[in-house]
Enquirer: 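Here you go, one structure.
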Amino acid sequence: MASRDSKVKKAEIFSLCLCPTCPSWVSCREKGGFCLPDVGRSKCIAEEKGCICGACRVTKMFALKHGYYCTRGSEKEQSGK
Ligand code: SF4
Ligand code: SF4
């Protein structure tokens with residue numbers, strides 16, 4: 001059941017993700033959620049023009065400590081894990 005749970009969680013994260021309203025966002029086929037290890041960096045966003053992850057409910061939910069996941073890698077990656 002773990003994979004089903006993680007699918008539900010992932011869908012919830014995508015629905016909460018604020019990336020599409022961020023100044024750094026580049027519209028392509030991505031859905032955001034770059035803080036997740038299995039999403040990882042964006043293939044479209046290259047320039048850091050501000051990050052609004054701090055205002056995202058996912059940051060609070062998972063006590064995320066970083067930002068710019070689209071360009072710098074997931075929370076896990078930036079934590080050196
Ligand atoms: S913390 Fe950032 S990357 Fe993660 S879901 Fe929220 S806005 Fe998207
Ligand atoms: S990870 Fe941060 S900088 Fe990148 S698109 Fe999402 S809110 Fe913007």
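Along the sequence shown, residues are numbered consecutively beginning with 1. In listed order, ligands and their atoms are each counted from 1.
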Enquirer: In the protein, which heavy atom is nearest to atom 4 (Fe) of ligand 1, and how far is it?
Expert: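 Minimum-distance protein heavy atom for atom 4 (Fe) of ligand 1 reads Cys35 SG, 2.4 Å.
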Enquirer: List-wise, which protein N, O or S atoms are found short of 2.8 Å from atom 4 (Fe) of ligand 2?
Expert: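 Cys70 SG, with waters left out.
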Enquirer: Using only atom types and a distance under 3.5 Å, with no angle test, would you say the side chain of Ser42 pairs donor to acceptor with the backbone of Cys44?
Expert: yes
Enquirer: Does Pro23 come within less than 4.0 angstrom of ligand 2, counting non-hydrogen atoms of the residue?
Expert: no
Enquirer: Checking a contact table here: which protein heavy atom is nearest atom 1 (S) of ligand 1, and how many Å away?
Expert: Thr59 OG1, 3.5 Å
Enquirer: Linking I/L/V/M/F/W/Y whenever their side-chain heavy atoms sit closer than 4.5 Å, directly or via other members, would Leu18 and Tyr69 fall into one cluster?
Expert: no
Enquirer: Among all protein heavy atoms, pick the one closest to atom 8 (Fe) of ligand 1 and tell me residue, atom and distance.
Expert: Cys17 SG, 2.4 Å
Enquirer: For the residue pair Cys22 and Gly50, what are the closest heavy atoms and their distance?
Expert: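 For Cys22 versus Gly50, the nearest heavy atoms are SG-O, 3.2 Å.
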Enquirer: Run the side-chain contact (heavy atoms from CB on, under 4.5 Å) test against Lys49 and tell me which residues pass, sequence neighbours left out.
Expert: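 side-chain contact (heavy atoms from CB on, under 4.5 Å) list for Lys49, sorted by chain: Pro23, Ser24, Glu47.
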Enquirer: Give the numbers and elements of all ligand 2 atoms closer than 4.0 Å to a heavy atom of Ile52.
Expert: 7 (S)
Enquirer: Tell me, which protein residue and heavy-atom name are nearest atom 7 (S) of ligand 1, and how many Å apart are they?
Expert: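 Going atom by atom, the protein heavy atom closest to atom 7 (S) of ligand 1 ends up being Leu18 N, 3.3 Å.
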Enquirer: If you count heavy atoms of other groups shown closer than 6.0 angstrom to CZ of Arg72, is the number above 12?
Expert: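 Yes, the 6.0 Å shell around CZ holds more than 12 heavy atoms from other groups.
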Enquirer: Going by the atom numbers of ligand 1, which of them fall below 4.0 Å from some non-hydrogen atom of Val58?
Expert: 5 (S), 6 (Fe)
Enquirer: Taking Gln78 for its side chain and Gly73 for its backbone only, find out whether a donor-acceptor pair lies under 3.5 Å.
Expert: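 Answer holds: yes.
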Enquirer: Quick check: do Glu12 and Met61 have side-chain heavy atoms less than 4.5 Å from each other?
Expert: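 Yes, at least one pair of side-chain atoms sits under 4.5 Å.
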Enquirer: Hey, does Lys9 have a side-chain heavy atom less than 4.5 Å from the side chain of Phe62?
Expert: yes
Enquirer: Are any side-chain N or O atoms of Arg41 and backbone N or O atoms of Thr71, one a donor and one an acceptor, separated by less than 3.5 Å?
Expert: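 Checking the backbone N and O of Thr71 against the side chain of Arg41, a donor-acceptor pair under 3.5 Å is found.
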Enquirer: Among protein heavy atoms, which sits nearest to atom 6 (Fe) of ligand 1, and what does the distance come to when rounded to 0.1 Å?
Expert: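 I find the closest protein heavy atom is Cys56 SG, 2.3 Å.
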Enquirer: Please give me the minimum heavy-atom distance between Tyr68 and Cys51, naming the atom from each residue.
Expert: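 Minimum heavy-atom contact is N-SG, 3.2 Å.
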